[in-house]
Protein chains: 2
Amino acid sequence: MKNILFDFISKYVSLTEEEKNAIVSLDIFHSVKKGTILLKEGEKSKASYFVLKGCIRTYYVLDGEEKTTAFYTEMEALTPTCVINKTPSEYYVSCVEDCILLISNTDMEAEINSKFPKFETMCRLFAEELLAKQRIDFDEFKTSSPEQRYLNLLQKRPDLVQRVPQHQLASYLGIKPQSLSRLRARLLEKKS
Amino acid sequence: MKNILFDFISKYVSLTEEEKNAIVSLDIFHSVKKGTILLKEGEKSKASYFVLKGCIRTYYVLDGEEKTTAFYTEMEALTPTCVINKTPSEYYVSCVEDCILLISNTDMEAEINSKFPKFETMCRLFAEELLAKQRIDFDEFKTSSPEQRYLNLLQKRPDLVQRVPQHQLASYLGIKPQSLSRLRARLLEKKS
DNA sequence: ATGAATCGTTCACTTAAGTTAAGAAATGGC
DNA sequence: GCCATTTCTTAACTTAAGTGAACGATTCAT
């Protein structure tokens with residue numbers, strides 16, 4: 001498990017044994033059951049999540065309806081906006097599956113950052129990379145139709161379509177569950 | 001003009017006179033004419049832009065059609081994804097109006113970062129804040145209809161609706177110019 | 001100032017998503 | 001295993017966006 005983390009980190013900076021030990025000693029590995037709510041609307045939090053195994057999602061509850069806006073799977077990280085903005089959360093975070101997560105908090109990060117400036121560089125690079133990824137995702141979303149977005153998802157994250165409930169996928173694609181169901185039926189028609 | 005920049009920076013870190021001078025000496029203030037293309041599809045670039053005055057936009061050309069995905073106005077910064085990923089750009093960046101821009105490049109930033117660690121902290125905080133802002137924007141986009149998105153834009157960036165051509169606004173809202181035109185007519189009907 | 005190109009609106013028509021409702025299928029708890 | 005709940009699909013109908021085309025209005029270049 002630890003190796004997975006350090007392999008990931010090594011893409012950004014190289015750590016000494018001392019630095020690795022400092023991270024391990026923080027005791028941030030957690031097993032979390034499917035359905036667990038990690039963050040609720042209205043709550044304040046300092047926690048960030050890194051998914052080692054499993055899948056978590058963020059969702060809003062608008063007019064009593066869940067609107068799923070993001071999924072995070074293996075090797076993906078989520079720092080909720082409420083953590084960055086220091087405001088109550090506008091959305092929920094919960095586990096789509098049983099998960100092994102790395103859960104850190106702002107204070108721990110600040111401590112590590114001051115001890116190891118290298119770590120701050122990593123965080124900056126990581127934030128910038130995420131910013132670029134998210135920008136591309138947003139642009140693709142804006143410039144394509146629901147059908148194209150679904151096909152795009154099948155290409156890029158085929159696992160998601162399998163492991164996540166349809167109605168959650170639907171709002172992730174910006175449409176209603178019925179529309180996703182119909183859209184899929186339409187695509188099957190076309191193929192044959 | 002310099003004061004505008006330093007007021008902005010002071011939201012993240014406090015700079016000494018020495019540090020301010022180091023920044024000014026980089027000679028990064030530029031006037032750019034409306035219509036100027038700052039970055040073309042396929043180009044590699046190391047340049048980032050901070051808008052002191054005016055408006056710039058990013059757009060793709062897909063099937064010969066321009067798809068505008070973002071606008072940056074006063075006090076907003078753009079680091080194109082191609083700069084972060086070190087890949088050829090997938091989109092264009094151009095000036096919607098005459099602009100006064102602060103144009104920096106990766107090498108300059110690296111130099112300043114190593115001289116003043118404080119600067120790297122600022123970049124990290126800034127990237128994180130942008131990440132949170134963009135996440136919220138994306139979530140709002142996903143969870144709302146074109147009409148809601150337009151009304152939302154009227155609330156949050158009323159200036160954009162005035163200063164930017166309709167057909168650019170339309171793709172920014174994820175629809176066709178005709179649809180935006182119709183949507184606006186529909187809203188006027190409703191009001192009366 | 002004038003002609004050319006671009007831009008915004010309107011219209012008729014097509015296509016697809018939203019809505020409401022019903023029922024089948026899958027899942028979870030006991 | 002069985003019931004209750006949730007999830008997925010289907011269908012009929014409504015609403016709004018996409019498409020193609022036409023026509024002023026505006027902008028731009030010379």
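Please read all numbers here as calculations on a predicted model, not as lab measurements. Order of the sequence lines sets the chain letters (A, B, ...), proteins ahead of strands, with each chain counted from 1.
Atom CG of B:Leu180 and atom P of D:dA17 are 10 Å apart (whole Å). The nearest whole Å value for the distance from the NZ atom in B:Lys176 to the P atom in D:dT19 is 5 Å. The distance between atom CG of B:Leu173 and atom C1' of D:dA17, rounded to the nearest whole Å, is 13 Å. The nearest whole Å value for the distance from the CG atom in A:Leu62 to the C1' atom in C:dG18 is 16 Å. Between the CD1 atom of B:Ile175 and the P atom of D:dT19 there is a distance of 12 Å, rounded to whole Å. In this entry the distance linking CG of B:Leu188 with C1' of C:dG8 reads 14 Å, nearest Å. In this structure, A:Gln168 atom CD and C:dT27 atom C1' are separated by 14 Å, rounded to whole Å. Going from atom CG of A:Asp63 over to atom P of C:dT19 covers 10 Å, rounded to whole Å.
Checked by atom type, the side-chain pair A:Tyr12/A:Glu129 shows a donor-acceptor distance below 3.5 Å. There is a side-chain donor-acceptor pair under 3.5 Å between A:Glu120 and B:Thr121. A donor atom on one side chain and an acceptor atom on the other are not found under 3.5 Å apart for A:Arg135 and B:Thr81.
Crowding of A:Glu74 atom CD: a count of heavy atoms from other residues, nucleotides or ligands under 6.0 Å exceeding 12. Within a 6.0 Å radius of NZ in B:Lys118, more than 12 heavy atoms belonging to other residues, nucleotides or ligands are found.
Residue A:Lys34 places at least one side-chain N or O closer than 4.0 Å to OP1 or OP2 of C:dG28. Contact check, A:His167 against D:dC8: a side-chain N or O comes under 4.0 Å of OP1 or OP2. Within the structure, a side-chain polar atom (N or O) of A:Arg186 is placed less than 4.0 Å from OP1 or OP2 of C:dA17. A close approach under 4.0 Å does not occur between any side-chain nitrogen or oxygen of A:Ser181 and OP1 or OP2 of D:dC8.
For A:Gln178, taking side-chain heavy atoms from C-beta onward, the closest of the listed nucleotides D:dT19, D:dT9, C:dG18 is D:dT9.
Side-chain N/O atoms of B:Arg182 and base N/O atoms of C:dG8 include no donor-acceptor pair closer than 3.5 Å.
Annotation: the terminal axes of the helix from C:dA1-D:dT30 to C:dC30-D:dG1 meet at 70°, where each axis is the rotation carrying the C1' atoms of four end pairs onto the next four (5 pairs per end, rounded to 10°).
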Distance-only criterion, 3.5 Å: show the donor-acceptor pairs between side-chain atoms of residues 33-46 of chain B and protein atoms not counting sequence neighbours.
from	atom 1	to	atom 2	distance (Å)
B:Thr36	OG1	B:Lys33	O	2.5
B:Glu43	OE1	B:Lys40	N	3.3
B:Ser45	OG	B:Ala47	N	3.0
B:Lys46	NZ	B:Asp107	OD1	3.3
B:Lys46	NZ	B:Asp107	OD2	3.4

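Side chains of A:Leu169 and A:Val164 form a contact here, defined as non-hydrogen atoms less than 4.5 Å apart.
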